[in-house]
Amino acid sequence: MTLIIEPGWVWDADNGLRTGHSVIVQDGVVADVVAGSPTLEAERIVAPDALLLPGFINLHNHALSAPLFRGLADELAPGDLPGHIVYSLLMPLGDVAAAVMTEEEIGDAAEMALLEGLRSGTTGLLDVYRVAQWPFIERAKRLGLRSWSCPYLFSAPVGMTPDGKPTYSPTSDTGFDAIVKMFDRFDEGPRGVTRVGFGPHGPDSCTPELLRAIDAAARERQTIVSIHAAQNLIEIEKVTAAHGKGSIEHLRDMGLLRPGVVLAHGMFATDEEMAMIAEAGAALASCPLAFARSGRFVPLARMEAAKLRLGIGTDGVTLDMLHELRTASVFAKVQSGTPHGLSAPRILRAATRDAAMALGREDLGLVAKGARADLIMFDLASSRYQPVWDPLKSLITNGSASDLTLAMVEGRVLLRDAKVLTADAAAVTRRGRAAIERVWREAARRGAIPASIAARAAIALH
């Protein structure tokens, strides 16, 4: 099947902004990008006020976390938690979800979250979750999304005592064997739509032996590794005490500072460590909203100054990539004290071409002949954009996910005229909501949701 798209503008990071061009999609690839309107007989989408660009790639996400923590983990009051939010709320609540949810419920919640991502222009995402939450893979495939799954591995899961001190509980079941089985079952190879990699939780919760084994297994299977690194001071202090060096240097010594490795957050990385990441060719996925809700700026201006390969992730706070990109751009401007920090073309490059290269896919993140046809299009005809001086700036400054009018992966149209074609959106939302509300009630009963937070719930928990 051949489809011709005639937008007002076409953009990608390598070729810049093009006006008056048509994009020809055939057999899953961009067959050509030509000036004017080709005479070829084919279905056409004519959208003179629209911007066509590569689909967004969410470089760090926890799809199950988005609905699970929505509202519950926001605007926490003093005294709500004994210690760090990750170890005293997010992970305990995640443990309850893993324990009580059926495979069907896991899939329902994941699909609801993925639906949000698709509706905001996400065509591919790197997702990190517990091994038992593997139904994520099947639901991503059902929606037609490109996915990289990196299930968690632990040598010692991290918890927290009632007075806020971190605990590490060694385990013999690291998850390694289970992930190898997942890889054998689901992975479609280096050019596949569905990939399975490794997600060691962090350099503090994984032994050197496990990290080396992960590095070797990932290299052998030509797949990726995603790991939280320098995300909080608890992690850094643990690594420094155990190994006499910081998290980034330790990962370098484990073979995990290289192309094919995506570091999540880097919130507390020093300038020297950021330079180390850039030199080694690893990627850093920054998730500004995840830290902003706890009152912290992600150091995006320093990340950009280090010239490292920067990607953007939603971390499960939201799956609205357009919202996340706007936040990142604004944060970088405030931090740098300049109006051009992480400009519209730069932040869009991070979410498209740079993310694709971080994942080893030189054929993604482009609107160019021979690239895979993972494309999105925003209609800029609304009053919020008009008149359009610069479509990229208009999208980042004023854009809304509701103006997404087309999304495709491998040339398969997933969304058209703002309507999802691969799922019954209302039914997906209804099932996902029910699954998460059941977890909330069970978590409240078990005490995984602190009483002061549970008391503010807008639904009945008992």
Side-chain angles (χ1 to χ4, degrees), residues 55-58 60-74 90 93-151 186 193-194 287 289-290 293 313-324 376 400-402 404 407 409 414-416 418-444 449 457-459 461:
F56 297 146
I57 300 174
N58 185 339
H60 183 75
N61 188 57
H62 307 278
L64 269 295
S65 298
L68 186 61
F69 303 138
R70 184 164 289 151
L72 187 154
D74 296 323
L90 305 188
L93 187 51
D95 290 341
V96 174
V100 307
M101 293 179 82
T102 66
E103 290 180 0
E104 191 69 16
E105 287 174 321
I106 291 168
D108 289 342
E111 191 171 6
M112 180 173 69
L114 291 168
L115 187 67
E116 180 189 353
L118 171 58
R119 284 170 150 174
S120 71
T122 295
T123 56
L125 73 167
L126 188 164
D127 211 83
V128 183
Y129 51 83
R130 290 165 170 77
V131 170
Q133 293 165 341
W134 62 265
F136 164 92
I137 296 175
E138 294 182 334
R139 299 306 180 96
K141 291 179 72 172
R142 180 185 297 184
L143 283 173
L145 292 170
R146 193 179 295 277
S147 69
W148 291 262
S149 288
C150 291
F186 292 110
V193 172
T194 300
C287 308
L289 281 172
R293 74 176 177 185
T314 60
D315 205 37
V317 175
T318 173
L319 269 83
D320 186 338
M321 275 291 283
L322 194 54
H323 185 191
E324 198 80 40
I376 58 176
S400 170
S402 64
L404 181 72
V409 171
L414 312 182
L415 178 149
R416 187 163 179 179
K419 179 179 174 58
V420 175
L421 304 182
T422 51
D424 180 337
V428 168
T429 303
R430 185 168 58 251
R431 292 193 302 265
R433 171 183 172 177
I436 294 299
E437 287 184 349
R438 190 175 82 83
V439 175
W440 282 352
R441 292 187 176 96
E442 181 60 21
I449 301 176
I459 68 167
L461 294 177

Novice: Apply salt bridge (charged side-chain N to carboxylate O under 4.0 Å, His left out) to residues R119 and D320 and explain how you reach the verdict.
Specialist: CA-CA 8 Å; R119 284 170 150 174; D320 186 338; over 6 Å; no

Novice: Taking atom CZ of R433 as the centre, report whether more than 12 heavy atoms of other residues, nucleotides or ligands fall under 6.0 Å from it.
Specialist: no

Novice: Given 3.5 Å as the limit, does a donor-acceptor pair link the side chain of H62 with the main chain of V128, or not?
Specialist: yes

Novice: So, for A113 and P67, which heavy atoms are closest and what is the spacing to 0.1 Å?
Specialist: CB-CD, 4.0 Å

Novice: Is there side-chain contact between Y129 and C150, with at least one heavy-atom pair below 4.5 Å?
Specialist: no

Novice: Check whether any side-chain heavy atom of K141 sits under 4.5 Å from a side-chain heavy atom of I137, and report yes or no.
Specialist: yes

Novice: Atom OG1 in T314, atom NE2 in H323: separation rounded to 0.5 Å?
Specialist: 11.5 Å

Novice: Is a side-chain donor or acceptor of E105 paired with a backbone partner of T102 at a separation under 3.5 angstrom?
Specialist: yes

Novice: Would you say L125 and I57 make side-chain contact, with heavy atoms under 4.5 Å?
Specialist: no

Novice: Between R142 and T422, is any pair of side-chain heavy atoms under 4.5 Å apart?
Specialist: no

Novice: Could you check D108 against V428 for side-chain contact (heavy atoms from CB on, under 4.5 Å), going step by step and ending with a plain yes or no?
Specialist: CA-CA 7 Å; D108 289 342; V428 168; over 6 Å; no

Novice: How long is the straight-line distance from OG of S65 back to CD of Q133, given to the nearest 0.5 Å?
Specialist: 7.5 Å

Novice: What pair of heavy atoms forms the shortest contact from S402 to A418, and how long is it?
Specialist: O-CB, 4.4 Å

Novice: Are R130 and D95 close enough for a salt bridge, meaning some N to O gap below 4.0 Å?
Specialist: yes

Novice: Say you draw a straight line from CG of L126 to OG of S149; how long is it, rounded to the nearest 0.5 Å?
Specialist: 8.0 Å

Novice: Supply the atom-to-atom distance M321 CE to E116 CD, rounded to the nearest 0.5 angstrom.
Specialist: 12.0 Å

Novice: Do we see a donor-acceptor contact under 3.5 Å between the side chains of E324 and T318?
Specialist: no

Novice: Where do I376 and L404 come nearest, in terms of heavy atoms and distance?
Specialist: CB-CD1, 3.9 Å

Novice: Between T123 and G55, what is the shortest heavy-atom contact and its length?
Specialist: OG1-CA, 3.3 Å

Novice: Between the main-chain N or O of V100 and the side-chain N or O of R438, is there a donor-acceptor pair closer than 3.5 Å?
Specialist: yes

Novice: Checking side-chain polar atoms at under 3.5 Å, does T122 have a donor or acceptor matched by the opposite partner on N58?
Specialist: no

Novice: So do the side chains of M112 and R431 get within less than 4.5 Å of each other, counting heavy atoms only?
Specialist: no

Novice: State the CD-CE distance between E442 and M101, to the nearest 0.5 angstrom.
Specialist: 12.5 Å

Novice: Does a side-chain heavy-atom distance below 4.5 Å link V420 with L414?
Specialist: no

Novice: Where is the tightest heavy-atom contact between L115 and T429, given as atom of each residue plus distance?
Specialist: CD2-OG1, 4.0 Å

Novice: Taking the side chain as C-beta and beyond, is there a heavy-atom pair between D74 and F69 under 4.5 Å?
Specialist: no

Novice: Could you walk me through whether E111 and F136 pass the side-chain contact (heavy atoms from CB on, under 4.5 Å) test, one step at a time?
Specialist: CA-CA 7 Å; E111 191 171 6; F136 164 92; over 6 Å; no

Novice: List the atom of L93, the atom of I449, and the distance in Å for their closest heavy-atom pair.
Specialist: CD1-CG1, 4.1 Å

Novice: Report yes if some heavy atom in the side chain of D127 is under 4.5 Å from a heavy atom in the side chain of W148; otherwise report no.
Specialist: no

